[in-house]
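Quick notes on the structure that follows.
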There are 2 protein chains.
Amino acid sequence: MARQSLQLELAERPTGPIIPGKTFRQTRIDAPTEADLKDGQVLIECLYVSLDPAMRGWLDDRRSYLPPVAIGEVMRAAAVARVLASRSKKAAPGDIVTSLMGIREVAIVGEDKIETAAELGVKLAKAGENGPRVTDLLGVFGLTGMTAYFGMMKIGEPKAGDTVVVSAAAGATGSVAAQIAKIAGARVIGTAGSDEKCRWLKEELGLDVALNYKDPEFKAKFKEATPKFIDVFFDNVGGEQLDMALGRANTFSRFVMCGGISQYNATTKSGPTANFMNVVTQRIKMQGFIVFDFAKQYPVAREQIGRWLAEGKLQRKETIIKGGIAGSEDALNHLFQGKNIGKLLVEVKNPEEAPRL
Amino acid sequence: MARQSLQLELAERPTGPIIPGKTFRQTRIDAPTEADLKDGQVLIECLYVSLDPAMRGWLDDRRSYLPPVAIGEVMRAAAVARVLASRSKKAAPGDIVTSLMGIREVAIVGEDKIETAAELGVKLAKAGENGPRVTDLLGVFGLTGMTAYFGMMKIGEPKAGDTVVVSAAAGATGSVAAQIAKIAGARVIGTAGSDEKCRWLKEELGLDVALNYKDPEFKAKFKEATPKFIDVFFDNVGGEQLDMALGRANTFSRFVMCGGISQYNATTKSGPTANFMNVVTQRIKMQGFIVFDFAKQYPVAREQIGRWLAEGKLQRKETIIKGGIAGSEDALNHLFQGKNIGKLLVEVKNPEEAPRL
């Protein structure tokens, strides 16, 4: 019997949260094979799928930085994969690559749609104890790591002594952004949704303050934690936390507009409210960005992140769901339920327990 | 009998709109005289008071770019005044100066609190037919003109062919901002609150499109007027118009956050809502500013504006209320009732019908 490939297809657009069994359809097809390859293509099998809040936005039919996933289409997702067969000089069977291959087990993709570890600029020799793992290709070296790096470095531009606040600081992007601000010498405050996450932020990542936004005293503690106001706010949450940050914004502060997870599932979207006019009165620069805009500079960022990893200056955590493609549908909602710490991944095939590269 | 000086003092902080007879108190005092002057001071009498939406913000007791006007204090306002007596080398009796002297007829101010026409860099020789008038010192050469200039030039940075939208385009700031964008070669759309204002914007100022926001078809027309989306949005209004602009924002567009007149009197403040996440997805730079930050560069701006005036490239209109200090209280609300076209001024003393300088 031919190898089967399970894939997750968009069945209908959600208006609120993703509804398992309704939003997506799981389809098992005959996997493509080496015989199906054309010149310049590779046959790959998925090892880990990256699950990210931004994926919720890809389901909405509205003007954005990427077209929405079409009904019936395989759900778009970044993955780390192994090459099974190749008609490309770029990759040989056995190579580990990343690709926006979608949530499926096996796929044929063009060589322009893959990046090899070497291309990613991941320095293996210098890796040492904290060296890169396969899953880091989706995490600190992947889109979330790049997002954190460029958002913080190019828009936030933290200086020593600045007060930097990162919302959703225990997420894949937030946790890297917060540590980059620490490396820059800033006083860093992170917000997260559980005491466990806050402990990780303070004890492992070395943040100065970590605040649980579910704490009834959150607002008062947020104010107390920002006596000199906020110089950089790296926002992954939007809504009320953004408004609070605006209320505590320093003059000439930079608001790195990275995401708004509080709004992705909301049927009635809201933005900042009571404190929005502080954009004017405090001369705030609020700037949105998409990581793809910095694609040409990824190698520089990866080299720096690789150095920080090797020097032990950068920590990362992964929450790995073992349910395979079948479990990815439910796992996607973990992001909005705050279940993950650090990078959320679905393991589709374990290449000997995510070995060092 | 000693000369009397009428002044407008803050009686209580308004929670919504300014309430004539309640928010302020009109007090008549013995005017200060030459005998009261100390070294470095000048005795001035007010000719015109500048009325600006930002003044509403000065009444709220919240952190801002200036401390709030204190209860019992003379209401802060810019004015053009004539020097009656001087113990300063900076100005002689008869000189025309501008000063943040507040809403009152006669005042003693320090020489550091006045600017003379010469200091303003207003080039009289090149003035010609469109040459500067006394009232222009508060308008195109004053804070509203400077606001328009620096907001548009330094943050908006319109390029030829850009689509630029200016909200409250018939106001003192908006009308100058819109014309600067036209001079830069942009396609310029202005919003305003009456058909009369829209006619002025199109027929006199040469805007490409002028839209009355009270038109039931405003939303549809706004969309229709921005087929290539918005590259620069110069916002004086906030709220719903800002949200509409976000919905039509182009990638990498610049949002010049100048003011939000729709919110100043609101008891429950609101910001952008449904389209706020476009800040991220369209990579918008939303930047607030306060004109005072550019104070050192005012001379450059005034020289340029003087040239544009002389060349007939820049038009301006004034709405002058003749009620004197007594009428200024009611006149302040004209701003929020949309009664003024262009610069709103209160004439306190007419120096022979606002002569050319």
Side-chain angles (χ1 to χ4, degrees), chain A residues 53-54 56-58 60 62-66 68 147 151 155 229 235-236 238-239 242-243 246-264 266-294, chain B residues 53-54 56-58 60 62-66 68 147 151 155 229 235-236 238-239 242-243 246-264 266-294:
Chain A
R56 177 62 188 81
W58 300 343
D60 293 332
R62 59 180 291 165
R63 185 167 66 100
S64 191
Y65 57 97
L66 286 176
T147 299
I155 300 176
F229 301 106
D235 193 21
N236 298 300
L242 170 59
D243 200 58
L246 284 166
R248 300 298 295 166
N250 205 351
T251 47
F252 304 104
S253 48
R254 288 81 67 197
F255 273 53
V256 186
M257 304 307 290
C258 179
I261 196 167
S262 71
Q263 299 304 311
Y264 296 159
T267 45
T268 304
K269 312 284 185 199
S270 66
T273 52
N275 298 314
F276 183 68
M277 281 307 297
N278 279 9
V279 172
V280 178
T281 58
Q282 303 303 325
R283 300 84 136 174
I284 299 168
K285 183 182 78 170
M286 200 179 241
Q287 189 159 356
F289 74 107
I290 294 296
V291 66
F292 302 130
D293 301 333
F294 296 95
Chain B
R56 176 64 188 79
W58 300 344
D60 293 333
R62 57 181 291 163
R63 186 167 66 100
S64 192
Y65 57 98
L66 286 176
T147 299
I155 300 175
F229 301 107
D235 194 21
N236 299 300
L242 170 59
D243 199 58
L246 284 166
R248 300 297 295 165
N250 206 351
T251 46
F252 304 105
S253 48
R254 287 81 68 198
F255 274 53
V256 186
M257 303 307 288
C258 178
I261 196 168
S262 72
Q263 300 304 311
Y264 296 157
T267 44
T268 305
K269 312 285 185 198
S270 67
T273 52
N275 298 312
F276 183 68
M277 281 307 296
N278 278 9
V279 171
V280 178
T281 59
Q282 303 302 324
R283 300 82 136 176
I284 299 168
K285 183 182 80 173
M286 201 179 240
Q287 189 159 357
F289 74 106
I290 295 295
V291 67
F292 302 130
D293 301 331
F294 296 96

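Here is how names work: the chains are called A, B, and so on, in the same order as the sequence lines, proteins then strands, and each is numbered from 1.
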With chain B, which of A:A54, A:C258, A:S64, A:P272 has the greatest number of heavy-atom pairs at distances under 4.5 Å?
A:P272
Distance col, row B:R63:CZ vs A:N275:CG, nearest 0.5 angstrom, shows 9.0 Å
Could you look at A:I284 and say if it's the side chain, the backbone, both or neither that has a heavy atom under 4.5 Å from chain B?
backbone
Using the rule given for side chain to side chain contact (heavy atoms under 4.5 Å, CB included), can you reason through B:D243 versus A:K269, listing the C-alpha separation, both sets of side-chain angles and the distance that settles it, and then say yes or no?
CA-CA 11 Å; B:D243 199 58; A:K269 312 284 185 199; over 6 Å; no
Select one option (side chain, backbone, both, neither) describing which atoms of A:D293 are under 4.5 Å from chain B's heavy atoms.
side chain
If I compare all heavy atoms of A:V280 with all of B:F289, which pair ends up nearest, and what's the gap?
CG1-O, 3.8 Å
Does any backbone or side-chain atom of A:F276 lie under 4.5 Å from a heavy atom of chain B? Answer side chain, backbone, both or neither.
side chain
Among A:T281, A:D235, A:V279, A:T268, which residue forms the greatest number of heavy-atom pairs with chain B at distances under 4.5 Å?
A:T281
Return the option, out of B:Q263, B:Q282, B:M277, with the maximum number of heavy-atom pairs under 4.5 Å with chain A.
B:Q282
By the side-chain hydrogen bond (donor to acceptor under 3.5 Å, both in side chains) test, which pairs, at least two apart or in different chains, include something from residues 251-261 of chain B?
B:D162-B:R254
Between B:F292 and chain A, which part of the residue has a heavy atom less than 4.5 Å away: side chain, backbone, both or neither?
neither
Quick one, A:R283 and B:Y65 - any side-chain contact, counting heavy atoms below 4.5 Å?
yes
Using the test side chain to side chain contact (heavy atoms under 4.5 Å, CB included), find all partners of A:P53 that sit at least two apart in sequence or belong to another chain.
A:I261, A:Y264, A:L335
So for B:F252, is it side chain, backbone, both, or neither that comes closer than 4.5 Å to the heavy atoms of chain A?
side chain
Please determine, among B:A266, B:A249, B:G57, the option with the most heavy-atom pairs under 4.5 Å with chain A.
B:A249
Under a 4.5 Å heavy-atom cut-off, does chain B meet the side chain of A:S270, its backbone, both or neither?
backbone
